[in-house]
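None of the values given here were measured: they were computed from a predicted structure. All residue numbers refer to positions in the sequence shown, counting from 1.
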Amino acid sequence: MNNSHPEEFILLGFSDRPWLELSLFAILLITYPMAMVGNIAIILVSRLDAHLHSPMYFFLTNLSFLDMCYTTSIVPQMLFNLGSARKTISYLGCVAQLYFFHIMGGTECLILAIMSFDRYVAICKPLHYTLIMNPRVCILLVSTVWLNGITYAVSEATATLQLPLCGLNKLDHLVCEIPVLIKAACGEKAANELTLSVVCIFMLAVPLCLILASYACIGLAVFKIKSSEGRRKAFGTCSSHLIVVFLFYGPAISMYLQPPSSISRDQPKFMALFYGVVTPALNPFIYTLRNKDVKGALVNLVKGIFTSK
């Protein structure tokens, strides 16, 4: 059994607490459509409204697409398991979920760093903004981010899947996630834990440091702006992104920058729900409620739909 994999995994989740499963099922049934509709709306207005054809909204479109894929990679399976007595996922389904979930998560870590760099250039180097953040550079940055996210997920997930499970097919989680699979494996896994920690330092800690450095420079530049309207506008464009950063990075760091063996039983479940479900659902509202341009574009889009009808 050491060299074979099970035909399916049993995802225990919250099976010992049926009342919690029912509550989560109802919450997911509401938040998942909200996340999909919200992110689709962001993508549509960013592409259809000429006023939003800028690097900031190009990166926001990529973030919304990532959020849609990210939450879709886990929520349908969660709903199926929470709503039925059969709480299983096939081995191939688990592998697919493992790759997609971590590709999207790793790419989102980096796209948030790119968005902070875009805000840094816009506020600290306004005269050179169009020169630095030209369409070619934006496409190159996004392509690099996606390539790095895919490289991270494929290498780390493949290494995790090589670990022997010794016939064990029960995962105390809601989804197939790298730290949980490492924790469930038998035999020597210290090398995998170390590799995961090192890789996650580059995927989480380094981008977060770049984000914080960008906003430190932005803060200094904003305080030098003499007009209160200018300061308010600068803070307005940055505050939404900062909220999203903390919503995503907080749970991810608490999950991935500690050895899997030291993770408590329910921590992975709640963290996966937070950065895989709550954050993608909240992101569109954070960006629309705090951004007059996006709100105006949404109103125009809705008016256009009803006018055409």
Student: Quick one, T31 with V278, criterion side-chain contact (heavy atoms from CB on, under 4.5 Å). Give me CA distance, side-chain angles, the key distance, then yes/no.
Tutor: CA-CA 7 Å; T31 55; V278 176; over 6 Å; no
Student: Testing the basics here: between G106 and M203, what is the closest heavy-atom pair and its distance to 0.1 Å?
Tutor: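 Between these two residues, the closest heavy atoms are O-CE, 3.4 Å.
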Student: I'd like to know whether CZ of F100 has more than 12 heavy-atom contacts from other residues, nucleotides or ligands below 6.0 angstrom.
Tutor: no
Student: Could you pull out all residues at least two apart from F14 that satisfy ring-ring contact (aromatic ring centres under 6.0 Å, His included)?
Tutor: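 Listed in chain order: F270.
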Student: Do you know which of L161, T195, L98 makes side-chain contact (heavy atoms from CB on, under 4.5 Å) with E156?
Tutor: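 Result: among L161, T195, L98, T195 is the only option passing the side-chain contact (heavy atoms from CB on, under 4.5 Å) with E156.
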Student: Do E177 and L171 touch side chain to side chain, with heavy atoms closer than 4.5 Å?
Tutor: no
Student: Do K87 side-chain atoms and N81 backbone N/O form a donor-acceptor pair below 3.5 Å?
Tutor: yes
Student: How far apart are the closest heavy atoms of I43 and S64, and which atoms are they?
Tutor: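 Looks like CG1-CB, 3.8 Å.
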Student: Might you work through the side-chain contact (heavy atoms from CB on, under 4.5 Å) test for Y152 and V199, ending with a clear yes or no?
Tutor: CA-CA 8 Å; Y152 149 73; V199 170; 3.2 Å; yes
Student: Of all heavy-atom pairs between A272 and V175, which one has the smallest distance, and what is that distance?
Tutor: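 Answer, listing the atom of A272 first, then V175: CB-CG2, 4.3 Å.
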Student: Is there less than 2.5 Å between the SG of C217 and that of C124?
Tutor: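 No, C217 does not link to C124 through a disulfide.
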Student: Side chains of L208 and V245: closer than 4.5 Å at any heavy-atom pair?
Tutor: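 A side-chain contact exists here, since the closest heavy-atom pair is under 4.5 Å.
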Student: So, using ring-ring contact (aromatic ring centres under 6.0 Å, His included) as the criterion, who are the partners of F101 when residues are at least two apart?
Tutor: Y70
Student: Is any side-chain heavy atom of D67 less than 4.5 Å from a side-chain heavy atom of F248?
Tutor: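 No; the side chains remain at least 4.5 Å from each other.
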Student: Counting distance only, does the side-chain N/O of Q77 pair as donor-acceptor with the main-chain N or O of T88 below 3.5 Å?
Tutor: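 A pair under 3.5 Å: yes.
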Student: Only one of M133, H241, R119 passes side-chain contact (heavy atoms from CB on, under 4.5 Å) with F59; say which it is.
Tutor: M133
Student: Do the side chains of I211 and F246 get nearer than 4.5 Å, heavy atoms only?
Tutor: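 No, side chains not in contact.
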Student: Side chains of C109 and Y249, heavy atoms from C-beta outward: is any pair under 4.5 Å?
Tutor: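 They are in contact (side-chain heavy atoms under 4.5 Å apart), so the answer is yes.
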Student: Which of these, N283, L63, L60, sits in a side-chain contact (heavy atoms from CB on, under 4.5 Å) with I42?
Tutor: L60
Student: I'd like to know whether M104 forms a side-chain contact (heavy atoms from CB on, under 4.5 Å) with T71, so could you lay out the CA-CA distance, the side-chain angles of the two residues, the decisive distance to 0.1 Å, and finally the verdict.
Tutor: CA-CA 9 Å; M104 301 307 158; T71 194; over 6 Å; no
Student: Which pairs, with at least one residue in residues 122-145 and sequence neighbours excluded, count as a side-chain hydrogen bond (donor to acceptor under 3.5 Å, both in side chains)?
Tutor: D118-Y129
